[in-house]
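Note that this is a predicted model, so its numbers are computed, not measured. In what follows, every chain begins at residue 1, and chains take the letters A, B, ... in the order their sequences are listed.
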Protein chains: 2
Amino acid sequence: MKSAVSEDSNRRQDLLQAAARLFKEKGYEGASIRAISSAVGMRCGSPFYHFENKQAILYAVMEEGLRQGLERTEAAIDASLSAREQFERLVRVHLGILLEEGNDFIPVMLYNWGALDKEHRLKLIETKDRYDRIWADMVARLQAEGELGDDPKIARLLLLGAMNFITTWYKPDAGLSIDGLAQQVVRFYLR
Amino acid sequence: MKSAVSEDSNRRQDLLQAAARLFKEKGYEGASIRAISSAVGMRCGSPFYHFENKQAILYAVMEEGLRQGLERTEAAIDASLSAREQFERLVRVHLGILLEEGNDFIPVMLYNWGALDKEHRLKLIETKDRYDRIWADMVARLQAEGELGDDPKIARLLLLGAMNFITTWYKPDAGLSIDGLAQQVVRFYLR
DNA sequence: CCTACCGATCGGTAGG
DNA sequence: CCTACCGATCGGTAGG
């Protein structure tokens, strides 16, 4: 008897992981189905047993990223924490989502959003909004303590933008840990 | 008799502009030579009269961006300004380089750096470093007045990252001018 | 999931 | 800069 997670879904997950890594490295158009297939030891026709087409793979990568990211982020919320403590946690979790090994899903979403079909985009917006709301609340708490500039939308966008852009230059082996980076980010914004 | 700027270089410039716009919109791999050609009314073989290959177009786009950007940025430096005034000017210029219509060169560089050949990349690093030095000096001045977090490298990267990421969501027609945005950025960082 | 294959499109070239 | 073309690669499919 097979386990609850069937071998089929294992292979599907393998494809998703490989696709995420390659989409992040080379972009959606730059990563071919052949490259994704051979990264998991398949032939170039086989991914279409798991996904309808290449767009569906891109969509699944982003959906998986949002699912994982929202789960981790919501798990980091604790009403008993001070604003500063809560901020420290959210920053650390967000940087983990962006930079930890194997976490290529959200970077793919950030930098290949324009490659996704409009209909697929609409299906993700609701989840993205839940994300944004968490950060909007966080910014509101910090502003209530006089900690950030006064336009809440700009504050949120600049804050997240600064973190999101780290994806483009961060190298795991350059002597700067994600924990260290998270501390620096917090110290930069909350003095 | 022809003018100093020959028609040849006009067509080359047209190609560069169209390539920058399409690379920004669709990414390097997503924008075909055919699309770039037809955007300027050429046939698909003609760009190779002006450029050796597609990589050379990408390189030329980035080089043009750096050239224009550095020129504007250096022109904005004025030793008689206060740190805050200097910061306001640099932010405005940087946002202009990123967001003004027709300024697609630097965004292409920021988001397609990985698509450029290693040898080409090396040839641009010197100019990029001049850019970074200007901002490093700016950050040092602000820190000397106690205005930013204390790690200079992180401060520079987060500051520029927050601005650079604006490229991914800014829409010129959404009621937020670049001037207004620049003011918000300054107010966010220097309270 | 593989084999064998398809039409379309790609970057690039020769010759004018 | 166009015409006409090339080999390579692409996403995707039928049949098993």
Under 3.5 Å, is there a donor-acceptor pair linking the side chains of A:S80 and A:D78?
yes
Stem segments of DNA chain C by first residue number [Watson-Crick or G-U, under 3.5 Å, at least 3]
C:1-16 with D:1-16
Residue list, salt bridge (charged side-chain N to carboxylate O under 4.0 Å, His left out) with B:D137, at least two apart or on another chain
none
If you find the nucleotide of DNA chain D closest to B:L15 and the one closest to A:A31, which residue's nucleotide is nearer the 5' end?
B:L15
Please list, pair by pair, any protein nitrogen or oxygen found under 3.5 Å from a nitrogen or oxygen in nucleotides 12-16 of chain D.
from	atom 1	to	atom 2	distance (Å)
D:dG12	OP2	A:K54	N	2.7

Can you tell me how far C1' of D:dC10 sits from CD of B:E29, to the nearest Å?
12 Å
Quick one: are the ring centres of B:F23 and B:Y28 less than 6.0 Å apart?
yes
Decide if atom CZ of B:R43 counts as having more than 12 heavy atoms of other residues, nucleotides or ligands within a radius under 6.0 Å.
no
Rounded to the Å, how far apart are A:K26 NZ and D:dT9 C1'?
14 Å
Separation of B:L22 atom CG from C:dG11 atom P, in whole Å?
12 Å
side-chain contact (heavy atoms from CB on, under 4.5 Å) partner of A:M109, chosen from A:E63, A:K24, A:M62:
A:M62
B:R191 (side chain) donor-acceptor with A:E147 (main chain) under 3.5 angstrom
yes
In whole angstrom, what separates A:R43's CZ from C:dC5's P?
14 Å
What closest approach, in Å, do A:A76 and A:L90 show between heavy atoms, and which atom pair accounts for it?
CB-CD2, 4.5 Å
Would you call B:V139 and B:L159 a side-chain contact if the rule is heavy atoms closer than 4.5 Å?
yes
Looking across every strand, which nucleic acid part, if any, lies under 4.0 Å from A:G41 by heavy atom: base, sugar-phosphate, or nothing?
sugar-phosphate
B:Y49 has an atom OH; how far is it from atom P of D:dC2, in whole Å?
12 Å
Roughly, in whole Å, what's the span from CE in B:M42 to C1' in C:dG11?
16 Å
Quick check: is B:W135 connected to B:L81 through a chain of hydrophobic side chains (ILVMFWY, heavy atoms under 4.5 Å apart)?
no
